[in-house]
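What follows is one structure encoded as structure tokens, with my remarks underneath.
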Amino acid sequence: AQRVTQPEKLLSVFKGAPVELKCNYSYSGSPELFWYVQYSRQRLQLLLRHISRESIKGFTADLNKGETSFHLKKPFAQEEDSAMYYCALTVSSGGSNYKLTFGKGTLLTVNP
Amino acid sequence: NAGVTQTPKFRVLKTGQSMTLLCAQDMNHEYMYWYRQDPGMGLRLIHYSVGEGTTAKGEVPDGYNVSRLKKQNFLLGLESAAPSQTSVYFCASSQLAEAQHFGDGTRLSIL
């Protein structure tokens, strides 16, 4: 079974500092990986997915199949980046069923 | 275009009561999902559906039932609510392996 691990429950940085939110996964096939963000008391929103290779709000994430990691990075954190971040993995579970497995999340706080 | 709409937004129940959470999507997505979000646990999949008339169990299905009578609606039912079901419930929809779109959530407290 697939699993997503976010080793840090809490991460606190100062404004302007670099930030890296770690995500490791276990799956023997070729997964699709996502980062979702949830601002305080709001719905989850897609931040980025690995196949698009986009940079959203200054965040990037590179899939490292050798290390089975998909870490989220931003060179200069902003206060508005404070949120809960979830790494997620989707795989086809027989036929065309696609289920999303979430990590437990990392709460990022960016201090002024 | 509302996306994914959940009703109600808040509800307080007594142990043993029943209720249904409603989820509606207007994006013509095939797949719909119900998750619960608990502190320190992330999001856990309760049930999901890959099309009208189909449902399947997720990671934590016990105590819940679902129905997908219409493509745009996915209902989550609690037959006999228990305090352990106090949580924030999120509905989501997606088209195949595309990103999931989430609703605003339903905060459910069971006393």
Side-chain angles (χ1 to χ4, degrees), chain A residues 1-10 21-25 27 29-54 56 61 70 83-107, chain B residues 1-7 9-10 21 23-25 27 29-52 54-61 66 68 74 87-107:
Chain A
Q2 61 269 21
R3 188 169 62 195
V4 176
T5 303
Q6 294 180 248
E8 303 138 329
K9 283 189 176 179
L10 305 170
L21 290 88
K22 291 184 169 54
C23 173
N24 290 91
Y25 68 91
Y27 180 62
S30 295
E32 284 204 56
L33 285 143
F34 303 82
W35 276 99
Y36 282 84
V37 60
Q38 186 180 29
Y39 300 102
S40 181
R41 291 186 172 258
Q42 293 187 24
R43 66 177 68 188
L44 274 82
Q45 307 170 35
L46 177 67
L47 183 60
L48 53 82
R49 58 189 301 186
H50 86 272
I51 62 171
S52 65
R53 304 185 67 81
E54 291 178 294
I56 306 293
F70 188 54
M84 179 70 85
Y85 291 81
Y86 290 99
C87 182
L89 173 157
T90 188
V91 297
S92 174
S93 54
S96 60
N97 299 343
Y98 293 92
K99 293 191 292 184
L100 203 59
T101 299
F102 283 89
K104 294 185 177 180
T106 297
L107 180 62
Chain B
N1 191 338
V4 179
T5 303
Q6 292 183 233
T7 55
K9 293 190 185 305
F10 307 93
L21 279 66
C23 177
Q25 54 97 1
M27 297 171 283
H29 285 167
E30 290 294 331
Y31 299 160
M32 296 187 74
Y33 314 82
W34 275 107
Y35 296 90
R36 58 178 292 172
Q37 183 184 41
D38 301 291
M41 301 297 290
L43 276 84
R44 292 180 291 170
L45 183 64
I46 304 171
H47 286 280
Y48 65 100
S49 167
V50 300
E52 181 179 320
T54 72
T55 64
K57 293 181 179 180
E59 182 184 354
V60 288
V66 288
R68 184 102 180 264
F74 195 31
S87 187
V88 181
Y89 291 86
F90 284 98
C91 177
S93 71
S94 71
Q95 191 64 7
L96 301 180
E98 295 297 310
Q100 294 185 13
H101 297 256
F102 285 82
D104 285 331
T106 296
R107 290 185 174 272

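To find a chain, count down the sequence lines: A is the first, B the second, and so on, and within it residues start at 1.
- Contact of B:L43 with chain A is made through backbone and side chain together, with heavy-atom distances under 4.5 Å.
- Between the CZ atom of A:F102 and the CD atom of B:E59 there is a distance of 11.5 Å, given to the nearest 0.5 Å.
- The minimum heavy-atom distance between B:D104 and A:R43, with the atom names listed, is OD1-NE, 2.7 Å.
- Looking at A:L46, only its side chain comes within 4.5 Å of chain B, counting heavy atoms on both sides.
- Ranked by heavy-atom pairs under 4.5 Å with chain A, the first of B:A56, B:G58, B:G42, B:P39 is B:G42.
- Each of B:Y33, B:Y35, B:Y31 was checked for a side-chain contact (heavy atoms from CB on, under 4.5 Å) with A:L100, and the lone residue meeting it is B:Y35.
- Closest heavy-atom contact between B:F90 and A:Q38: CZ-NE2, 3.3 Å.
- Here B:Q37 is the residue among B:Q6, B:E30, B:Q37 with the most heavy-atom pairs under 4.5 Å with chain A.
- For B:R107, the part lying under 4.5 angstrom from a heavy atom of chain A is the side chain only.
- In plain terms, the two heavy atoms of B:Q100 and A:Y36 that are nearest each other are N-OH, 2.8 Å.
- Contact count versus chain B (heavy atoms, under 4.5 Å) is highest, among A:R41, A:K9, A:Q45, A:Q6, for A:R41.
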